[in-house]
S.K.: 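The following block contains the structure, expressed as structure tokens.
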Amino acid sequence: MRFRALEENAAHSRDSEAGAAGAHAPGISQSRMIKIERDILARNNDYAAENRHYFSAHGIFALNLVSSPGSGKTALLVRTIAALHGAQPLAVIEGDQQTDNDAARIRAAGAPAVQINTGKGCHLDAHMVGQAMRQLRLQDGSLLLIENVGNLVCPAGFDLGEAHKVVILSVTEGEDKPLKYPDMFRAADLMLLNKCDLLPHLDFAPDLAIEYARRINPELKVIRISATSGEGMQEWLDWIKGGCRNAVAARLRVASQIPSPVSGRGLG
Ligand code: MG
Ligand code: ZN
């Protein structure tokens with residue numbers, strides 16, 4: 001089980017990890033492949049820790065949005081940005097293999113956005129996110145929405161330093177996605193059951209999908225939502241605002257505990 005997960009991650013690693021990309025090539029032993037994979041994940045975790053430190057030092061609430069392709073992530077973000085506009089500083093990092101179409105949609109909605117094209121890579125990693133967030137020059141107390149590459153497999157294994165992974169499952173998909181991709185539903189803290197306005201036209205059983213998701217992750221919070229009808233939007237916005245408030249409050253708590261250099265010297 002563990003080995004299979006490692007192998008998948010190795011196979012999905014970026015071109016720059018040439019060893020890992022070629023991990024299935026003859027001549028590379030399994031033990032060597034596992035070592036390469038461990039090194040990639042360890043390095044990713046170091047970068048994720050750096051990102052997390054930066055977010056907490058600046059009171060930034062970062063969300064990693066993950067889903068299959070076509071779940072309606074970008075439309076949901078556009079609606080979210082419109083609702084928060086002017087009330088909450090925010091920025092978006094868009095991950096896609098090709099094109100900057102989604103970043104253009106986000107910028108048109110009024111939010112700063114940086115597009116990361118992963119090329120053959122099928123997930124964002126913490127190093128890419130660290131570089132993108134420096135380009136964005138985030139304001140303190142910002143909301144940072146990271147739209148990951150549409151893929152329910154390897155983004156589960158790559159910590160970006162986010163406060164939460166938010167998994168989006170659309171009602172145009174199968175109810176059993178949580179059972180098919182358990183790692184992702186286990187890694188997430190919130191599931192947005194999206195496109196709920198389409199339910200009257202579909203066979204999809206929302207209660208069953210939620211039951212499957214909670215079978216994998218009993219703690220999972222669920223919001224039924226639609227960017228089209230606005231159902232669930234208020235609950236989602238309230239959840240975001242609560243997270244932003246907590247991030248700012250935690251930063252102030254930490255800042256007040258660090259003695260200033262002047263008083264520190266006086267005590268020495
Ligand atoms: Mg998108
Ligand atoms: Zn991948």
Side-chain angles (χ1 to χ4, degrees), residues 3-24 33-34 36-45 47-48 63-82 90-129 132 144-160 162 165-170 172-173 180-188 192 194-195 225-228 236:
F3 172 73
R4 198 171 60 124
L6 288 169
E7 184 182 16
E8 278 168 6
N9 280 335
H12 286 245
S13 294
R14 295 167 60 218
D15 293 353
S16 60
E17 326 288 1
H24 293 288
M33 191 173 78
I34 290 171
I36 290 167
E37 178 51 38
R38 246 187 235 135
D39 290 348
I40 290 169
L41 288 177
R43 208 161 40 203
N44 183 74
N45 286 342
Y47 283 117
L63 297 176
N64 179 1
L65 299 146
V66 290
S67 77
S68 303
S71 68
K73 283 196 299 296
T74 311
L76 201 55
L77 284 188
V78 166
R79 178 112 193 202
T80 303
I81 290 160
L90 60 84
V92 177
I93 295 173
E94 276 292 334
D96 275 303
Q97 290 192 310
Q98 301 288 342
T99 87
D100 63 353
N101 296 352
D102 285 358
R105 284 169 71 190
I106 297 296
R107 286 188 203 111
V114 167
Q115 178 79 50
I116 300 172
N117 284 132
T118 56
K120 287 190 177 126
C122 42
H123 59 269
L124 293 178
D125 67 35
H127 182 247
M128 302 172 193
V129 167
L144 177 62
L145 298 161
I146 305 165
E147 183 178 337
N148 216 315
V149 179
N151 172 3
L152 281 175
V153 185
C154 43
F158 283 81
D159 182 10
L160 306 180
E162 72 276 355
K165 284 187 177 70
V166 176
V167 65
I168 294 116
L169 175 65
S170 125
T172 54
E173 305 173 54
K180 288 180 175 169
Y181 303 98
D183 291 347
M184 186 57 89
F185 287 82
R186 205 174 287 123
L192 299 177
N194 196 23
K195 304 189 189 178
I225 200 163
S226 162
T228 308
W236 160 236

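Atoms within each ligand, like the ligands themselves, are counted from 1 in listed order. As a basis for the values below, the full set of heavy atoms in this structure was taken, side chains included, without hydrogen atoms, waters or symmetry mates. Sequence positions, counted from 1, serve as the residue numbers for this chain.
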S.K.: To the nearest 10 degrees, calculate the angle at the Zn ion (ligand 2) involving ND1 of His123 and SG of Cys122.
M.R.: 140°

S.K.: Can you name the N/O/S atom of Asp102 that is nearest the Mg ion (ligand 1)?
M.R.: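 Per the distance ranking, Asp102 contributes OD2 as its closest N/O/S atom to the Mg ion (ligand 1).
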
S.K.: Under 2.8 Å from the Mg ion (ligand 1) - does any N, O or S atom of Glu147 fall there?
M.R.: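 Checking Glu147: at least one N, O or S atom is under 2.8 Å.
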
S.K.: Side chain of Asn117, backbone of Gly119: donor and acceptor closer than 3.5 Å?
M.R.: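 No: the side chain of Asn117 does not pair with the backbone of Gly119.
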
S.K.: Keeping the roles fixed (side chain from Gln97, backbone from Gly121), state whether a donor-acceptor pair exists under 3.5 Å.
M.R.: yes

S.K.: Do the ring planes of Tyr47 and His127 sit parallel (below 30°), tilted (30 to 60°) or perpendicular (above 60°)?
M.R.: tilted

S.K.: Among side-chain atoms of Glu173 and Ser71, is any donor-acceptor pair under 3.5 angstrom?
M.R.: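 The answer is no; no qualifying pair exists.
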
